[in-house]
Structure formats: C-alpha cells, structure tokens
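Just so it is clear, the structure is predicted and the values come from calculations on it, not from any experiment. No hydrogens, no waters, no symmetry mates; every other heavy atom, side chains included, goes into these values. Remember, it's 1-based here, ligands and their atoms both numbered in the order they're listed.
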Amino acid sequence: MDISYIINELGETREQYFNAIAPPIIQTSNFRVQRVDELKALFEDEHSGYLYSRGLNPTVEILRQKLAALDGAEETLVFNSGASAIFAGILANVKAGDHVVAVEKPYTWAQRMFDVILPRFGVTTTYIDGTRIEHFERAILPNTTLIYLESPNSWDYKLQPLKQVAELARSEGIVTMIDNSYCSPLYQRPIGFGIDLSMQTATKYIGGHSDTVGGVLSGTAAMMKKIFDSEFLNTGSGIQPFNAWLLIRGLRTLPTRLERISRSTQAVAAWIKAHPLVEGILFPFDESFPQYALARQQMQGACGLLSFYVRARAHDEIVTFCESLKHIMMAVSWGGHESLILPKCASLTAAEFDPNIKEHRMLRLYTGLEDPDYLIRDLEQAFQAAW
Ligand SMILES: *Cc1c(COP(=O)(O)O)cnc(C)c1O
C-alpha cells in the first residue's frame, strides 16, 4: 500500500460525513442500538461494533486503520499514552511465575513495570545487552514468555538484531515486543522482521506538535483481540476521539516532517561532531556508530535524536551550556516542531559529577523543524558562554 494512500485516504469514508476532507470528531461516550439481538451480539463481543467509546469509536477507527497499515500489522490499538500501550502489551503476555528477557535501560516506564509492578505478581526480568543474539540465547529460561526490545534505545541508540531475535523467540514459543518509538513505522517495520508486537509512542513523531499524548500497539488480529478484550477495556486506557483526530492530523505531514528532520539532523550532527569541545557523538546513521552496519540494514532512516559527549570538567559547565541556549529548549519528550536538549547529568549533584565517567558528560539533542543554521548558531553561542 502506498504511504500517501494510507495517510490521505485509508479508513476515511468521506461520503458518510458530507464529503468533508477532515474527519469528524465523534465525541460521544455511547451509541444507540436499535435491536435487542444487536445488543446481545455487542455484549458478547464488544469488538464487533460501536457500543461504548471505551471500546471502539469511529474517529479512533480511522486512526487505527492507518496505523495498522503503516506498521504492516493485522490490527492496531491506540492508547492514551505510550506508557499505557507498553503496560497492556507486557501484561497481556505474562502470568504469575513467568520470566521476561528485556534489553537493559529500556524506556523508564517499561523499566518500572519490570522492576516494580511485575515482581508483585511473581514475574521476574533478566536485563541483557541486546546487541548480540548469544546474550538472548543465554538469558532464556524454561519459563520465559516475553522478550522485550527497544531498538534503537532513545539515549544510546543501541540496536538489537531484530530478525535473529524474532527467529529465536519463535523457535522457543516466546512472544516478542518492541518499542519502535525512535524510528516510527516510516523508518523501521519490526513486524516485517517477525516481531509479534510493535509499540510506539504517538506523542512524539505522529503527534508532531507537542500538543497531545498517545500510544500505539500493533500485532496479529488474535493478539490484539486478546488485548482489547482484557487489558484495553479493563484499564480504560484507549485514546479519546479528539486526541485521535489530532493524531490523524499529525499523520498527514509525518513523512514530510521526518524528511526535513533527517536532513537537519545530519547537518547539526556534522557540526557538533567537528566541534573541539565535543568528544564524540552517538547517532545510528553516523559512520562512527558501533552498530552502523546493522542500523543501515534494519532502518530506512534515522533522525531527530542524537547524543554527544562534551569535554566538561565540572557540572556547572554543562549547566551553563544548557541554560545559555536561547532557542533550543530544555524539556523532556521529542518529536515535535521544537528542538530540545536534555543533559544526562540533570540527575546528579555537582559533587556527584565525575568527568571521568563519560555518561555524565552526555547530552541528548532533538532536532526539530527549525532551520538547522539557526540551531547551530544557538549551540555555538552556548558553547562560547560555557567554555
Ligand atoms: C516517550 C516515550 C515513550 C512513552 O510514551 P508516552 O506517550 O510519553 O507515554 C515510550 N518509549 C520511548 C522511547 C519514548 O521516548
């Protein structure tokens, strides 16, 4: 299916709503049912039609169809945050006594799930360096039911060999789930590699304007039906119609924004890499990246996020650098129109800062839609202010 078709037409039955180009926001909690036997069918299977917007809703339906097609999946559920999509995908695939193999340093709220919530139900997790398939082979136990991936990671961009991991998991009857937020389905399609569940936050690139929170989970029809009937309906964490509408709007410009961000990121990355106060950069499509070949093989693009190490000797040098930026803002999240910076040392006191630990000197930059020269000038003046 053409991406242009998916984004502009798929799922949009315009003749049903006055041929309006933009879809309606069907802001309703419930739907009228005209016959008792229809009601019976809906009670038996809420997935079979419109009953109540905690389940299915027509505006959300348009978004679901587009996202499923982009992921190359049979079905997609859209949640009111990436974190709730992570929660549902993991919870649906473990029971008391099971074991999870997860990549080390996954997204915060995936890690909290493994460290805080699952242990309360007797589910244990082994964290591994996911760069090599042998590490997965060694970590799998007889009671492993889930392998949790994040490729690339959103701070150090470590990748996992997705096809190999999917094949290994299939042969052992283990479900695989990935956080595909860094790439979005435009730049990486994990389901095509045999991964069972592909999750991404819609808050970042899909929304694209830093004005809504959402999450996407895609997989087979059977897997998604199981999640719909249980975790999705029971936690009531589906996306609301207005937020779904914002995400449909975001999708219209997704390819264009990613193209622009890819070009700008390359320009900014090249400038940062050449700066005398920078010790090195981490970016999957930079030739110095340790898994550059795998990145080129698995990903159609890399953009937006990159990290770099500054030659700082003290905490306050990094503080001054970040606080001197005039246009690039300090904030969590990424994927919007605005460029952002985050220093890794924000969680340290000045006394805890150790310049010999490279990670303490790491900053993460998100390149947004601004002119790259405008961003480079901002970085330059902040370097001058700090050093
Ligand atoms: C932001 C983010 C999430 C969580 O998404 P929310 O929509 O904020 O809940 C998950 N994974 C990664 C890599 C993220 O950056």
Novice: Tell me the side chain to side chain donor-acceptor pair (under 3.5 Å) pairs involving residues 23-34, sequence neighbours left out?
Specialist: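 Pairs touching residues 23-34 that pass the test: none.
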Novice: Check this for me: does any side-chain nitrogen of one of Glu231 and Lys226 sit under 4.0 Å from a carboxylate oxygen of the other?
Specialist: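 No, Glu231 and Lys226 are not salt-bridged.
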Novice: Do any pairs count as a side chain to side chain donor-acceptor pair (under 3.5 Å) and have a residue in residues 150-160, sequence neighbours left out, and if so which ones?
Specialist: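 Matches after skipping sequence neighbours: Tyr157-Ser307.
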Novice: For ligand 1, find each of its N or O atoms that sits under 3.5 Å from a protein N or O atom, and tabulate the pairs with distances to one decimal place.
Specialist:
| residue | atom | partner | partner atom | Å |
| --- | --- | --- | --- | --- |
| ligand 1 | 5 (O) | Thr201 | OG1 | 3.2 |
| ligand 1 | 7 (O) | Gly82 | N | 2.8 |
| ligand 1 | 7 (O) | Thr201 | OG1 | 2.9 |
| ligand 1 | 7 (O) | Thr203 | OG1 | 2.6 |
| ligand 1 | 7 (O) | Gly214 | O | 3.4 |
| ligand 1 | 9 (O) | Gly82 | N | 3.0 |
| ligand 1 | 9 (O) | Ala83 | N | 2.8 |
| ligand 1 | 11 (N) | Asp179 | OD2 | 2.6 |
| ligand 1 | 15 (O) | Lys204 | NZ | 2.6 |
| ligand 1 | 15 (O) | Trp334 | NE1 | 3.2 |

Novice: With sequence neighbours left out, write down each residue that passes salt bridge (charged side-chain N to carboxylate O under 4.0 Å, His left out) with Glu323, or none if nothing qualifies.
Specialist: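 With sequence neighbours excluded, Glu323 shows a salt bridge (charged side-chain N to carboxylate O under 4.0 Å, His left out) to no residue whatsoever.
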Novice: Does Lys358 make a cation-pi contact with Tyr309 (under 6.0 Å, within 45 degrees of the axis)?
Specialist: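 Output yes; distance and angle both within limits.
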Novice: For Ser333 versus Thr203, what's the shortest heavy-atom pair and its separation?
Specialist: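 Nearest heavy atoms, Ser333 then Thr203: OG-CG2, 4.4 Å.
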